[in-house]
Peer 1: 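Pasting a structure below so you can have a look.
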Amino acid sequence: MHNREIAALFDRMADLLDIEQANPFRVRAYRNAARTVGGHAKPMSELLARGDDLSRLPGIGKDLAAKIAEIVETGRLRALEELEQRVPAALSELMHIDGLGPKRVRSLYHALGVRSPADLSAALEGDRIRSLPGFGARTVEKLRHGIEMLAASEKRTRLVDAEQIAADLLEWMRGSRGLKSIEVAGSFRRRCETVGDLDLLVSAARGSDAMDRFVRYREVDQVLAQGKTRATVRLRSGMQIDLRVVPQASHGAALHYFTGSREHNIAVRTLAVRKKLKLNEYGVFRGDTRIAGRTEADVFAAAGLPFIAPELRENRGEVEAALAGRLPRLIELDDIRGDLHCHSSASDGHPSIAQLAQAALALGYEYLAITDHTRRASVAHGLVRKRLEQQMREIDRLNAKLDGIVILKSAEVDILEDGSLDLPDAVLRELDFTVCAVHYGLGLPRERQTERILRAMDNPLLNVLAHPTGRLIDVRRPYAIDLERIMRAARERGCAIELNAHPDRLDLNDVHCRLAKAIGVRVAIGSDAHACDDLALLRHGIDQARRGWLEAKDVLNTRGLATLRKLLRR
DNA sequence: GCCGTTTTCGGCCCGACTGTTTTCAGTCG
């Protein structure tokens, strides 16, 4: 039973309790628990196996800890099954339709026997639904649309794609009259790997036309809501955009509020409440007096906190760390001294090694590792021994000519199904270091896949384990491995773990980075560039590293070349 | 159902917009 599945059971519990009109705080407790469990890096089964006290997890008390144990042991949750005797399980799905909450779902079910989206569609065709209180013509229309959108509503957009959408929209919005500032807040600003929608925050003088201009944007497909300070539209791309307009005096408070996450906001507001203050999107108030609001730093200070970077605002311990003065000094792109993963035309990349070196030099790097695929990756023209040896000689020649940058000899060596490496040790030994990865046999059972990688790491010629989980965002799930065990083994053996920064991968993800830091294994951030421009993709890795609390000292390629060589040695 | 600088009970973040309502409930973020 995976954490995700446990979380799903708790979410369903919350939905059904909500429909049953249970204590709303009890409902929230289940939702919080779902989030805690679903976002936890280690399987609950593992925590239990080693005797951890689950009630020490945030939002998990004695009761929920016992329920987690019950699910892990039996695969069932009796409380949910009992609840489903009273409230049909399928009603949970209706809660995900835009415009339907617990009250309307309850009313639809009791009055019309609606249990599923299909039932709802049928009900919307008839006129009985109009007899229900709160179901007018507009609501019926909205629900029709909501059912259509149900499938799409789960879809999230990769951050890198959202950046494009945001850039175009910002350019349009900057033509607004009276505009003081405009920013994208929300999960975009927290640099989540995917975003569901975009939250746009505008500070503007009175009489600004920002709101009008927003709904007139050429890409707008539908205006879903529009008030004086807030509007929501859906673009032709399907992306939903929320706009909020606030006065400048509230800019910091609004930026904090709309950056979220929701859970982080609740944590900070709770702190404010304890100080007898009120925090909302307009500022921090003592009584009716605004004591902060212009900048985010002011808002944090009023709540008794130092500035917390947006990437940390997930209520994953950042508020406690801030109170204790133990916030990390997050890594920045400028800390990076070189790239440890890229491909030349020798395998599946486009540019020559010389072109890649020039591009890396232009980025201010001190070194660049060429990591073409090896033999086994035949579709990517993987290098056989002879071609790799030729490449090493070419790199020697280039290094003799180049000034200001050193090209490192490396390869993205396949980890074969039996855990051996794809080229003989004799040739790997000639490289400065290796980046090793699994590309085939992704479907092995967890234990075997883990053993395979551990065996590969037993070879002292393995230096960096590349894209450790193999996931491709929205395309391929991570392969089954015991990542924590692999990380521990990597630390013991002096291997590093890659954070592959390619926007298709982001592998390690943010939670894994946090785990790597806790275990103390060093992270190597690589762009996995296949073109010169791709070297810039490394910034996406920095985003996730920051979300995972990584500091410059946790990352291998923030070191100068001499130190890097020392740290790579096993 | 959780939690504790208001600590084992009594709180639990806060406001905008919509639609259907004649003053507000429901939903959403």
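So you know, we letter chains A, B, ... as the sequences are listed, proteins then strands, and number each from 1. Atoms considered below: every heavy atom in the structure, side chains included; atoms not considered: hydrogens, waters and symmetry mates.
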Peer 1: Taking only side-chain nitrogens and oxygens of A:Thr270, does any of them come within less than 4.0 Å of OP1 or OP2 of B:dG11?
Peer 2: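 For B:dG11, neither OP1 nor OP2 has a side-chain N or O of A:Thr270 closer than 4.0 Å.
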Peer 1: Mark yes or no: A:Arg290 above the aromatic ring of A:Tyr282, with NZ or CZ under 6.0 Å from the six-membered ring centre and no more than 45 degrees from the axis.
Peer 2: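 No cation-pi geometry.
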Peer 1: From C-beta outward on A:Ile266, which listed nucleotide comes closest to its side chain: B:dC13, B:dC17, B:dG15?
Peer 2: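 Selected nucleotide (nearest to the side chain): B:dC13.
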Peer 1: What is the distance, to the nearest angstrom, from the CZ atom on A:Arg104 to the C1' atom on B:dC28?
Peer 2: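 Rounding to the nearest Å, CZ of A:Arg104 and C1' of B:dC28 are 11 Å apart.
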Peer 1: Is A:Arg190 salt-bridged to A:Glu318, going by a charged N under 4.0 Å from an acidic O?
Peer 2: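 Answer for the salt bridge query: no.
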Peer 1: Below the 4.0 Å mark, does B:dG15 have OP1 or OP2 next to a side-chain nitrogen or oxygen of A:Lys278?
Peer 2: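 Yes, such a contact exists.
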Peer 1: Whole angstrom is fine here: how far is it from CZ in A:Arg190 over to P in B:dG29?
Peer 2: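 In whole Å, B:dG29 P and A:Arg190 CZ are 13 Å from each other.
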Peer 1: Parallel, tilted or perpendicular: which describes the rings of A:Trp172 and A:Tyr217, with under 30° parallel and over 60° perpendicular?
Peer 2: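 Answer is tilted, since the angle falls between 30° and 60°.
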Peer 1: Any side-chain donor paired with an acceptor under 3.5 Å for A:Arg12 and A:Ser92?
Peer 2: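 Looking only at side-chain atoms, A:Ser92 and A:Arg12 do not form any donor-acceptor pair under 3.5 Å.
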Peer 1: Is there a Watson-Crick or G-U wobble partner for B:dT8 with both distances under 3.5 Å, and which nucleotide is it?
Peer 2: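 None - no nucleotide pairs with B:dT8, as no candidate has both distances under 3.5 Å.
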Peer 1: Provide the distance between the two C1' atoms, one in B:dG29 and one in B:dC13, to the nearest whole Å.
Peer 2: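 Per the computed distance, 12 Å lies between those C1' atoms.
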Peer 1: Rounded to whole angstroms, how far apart are CZ on A:Arg230 and C1' on B:dG29?
Peer 2: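 Value for this atom pair: 5 Å.
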Peer 1: Choose from B:dC13, B:dC28, B:dC12 the nucleotide whose nearest atom is closest to any side-chain atom of A:Asn23.
Peer 2: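 For the A:Asn23 side chain, the nearest candidate turns out to be B:dC12.
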Peer 1: When the P atoms of B:dG1 and B:dT5 are considered, how many whole Å apart are they?
Peer 2: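 Looking at atom P only, B:dG1 and B:dT5 are 23 Å apart.
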Peer 1: Please state how far atom CZ in A:Arg28 lies from atom C1' in B:dC14, giving the value in whole angstrom units.
Peer 2: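 In whole Å, B:dC14 C1' lies 11 Å from A:Arg28 CZ.
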Peer 1: Output the rounded distance in Å from CG (A:Leu271) to P (B:dC14).
Peer 2: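 A:Leu271 atom CG is separated from B:dC14 atom P by 12 Å.
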Peer 1: Grab the CG-P distance between A:Leu143 and B:dT27 for me, whole Å please.
Peer 2: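 The answer, rounded to whole Å, is 10 Å.
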Peer 1: Using modelled atom types and a 3.5 Å cut-off, is there a donor and acceptor pairing between side-chain atoms of A:Arg244 and backbone atoms of A:Asp199?
Peer 2: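 Between the backbone of A:Asp199 and the side chain of A:Arg244 there is no qualifying donor-acceptor contact (under 3.5 Å).
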Peer 1: How far does the C1' atom of B:dA16 sit from the matching atom of B:dG11, given to the nearest Å?
Peer 2: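 The answer is 25 Å between these two C1' atoms.
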Peer 1: Which residue lies toward the 5' end of DNA chain B, A:Arg26 or A:Val105, if each is placed at its nearest nucleotide?
Peer 2: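 Result: A:Arg26.
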Peer 1: Classify the nucleic acid contact of A:Arg138 as base, sugar-phosphate or nothing, counting any heavy atom under 4.0 Å across all strands shown.
Peer 2: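 Sugar-phosphate, no base atom in range.
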Peer 1: Looking across every strand, which nucleic acid part, if any, lies under 4.0 Å from A:Lys67 by heavy atom: base, sugar-phosphate, or nothing?
Peer 2: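 The residue A:Lys67 makes sugar-phosphate contact but no base contact.
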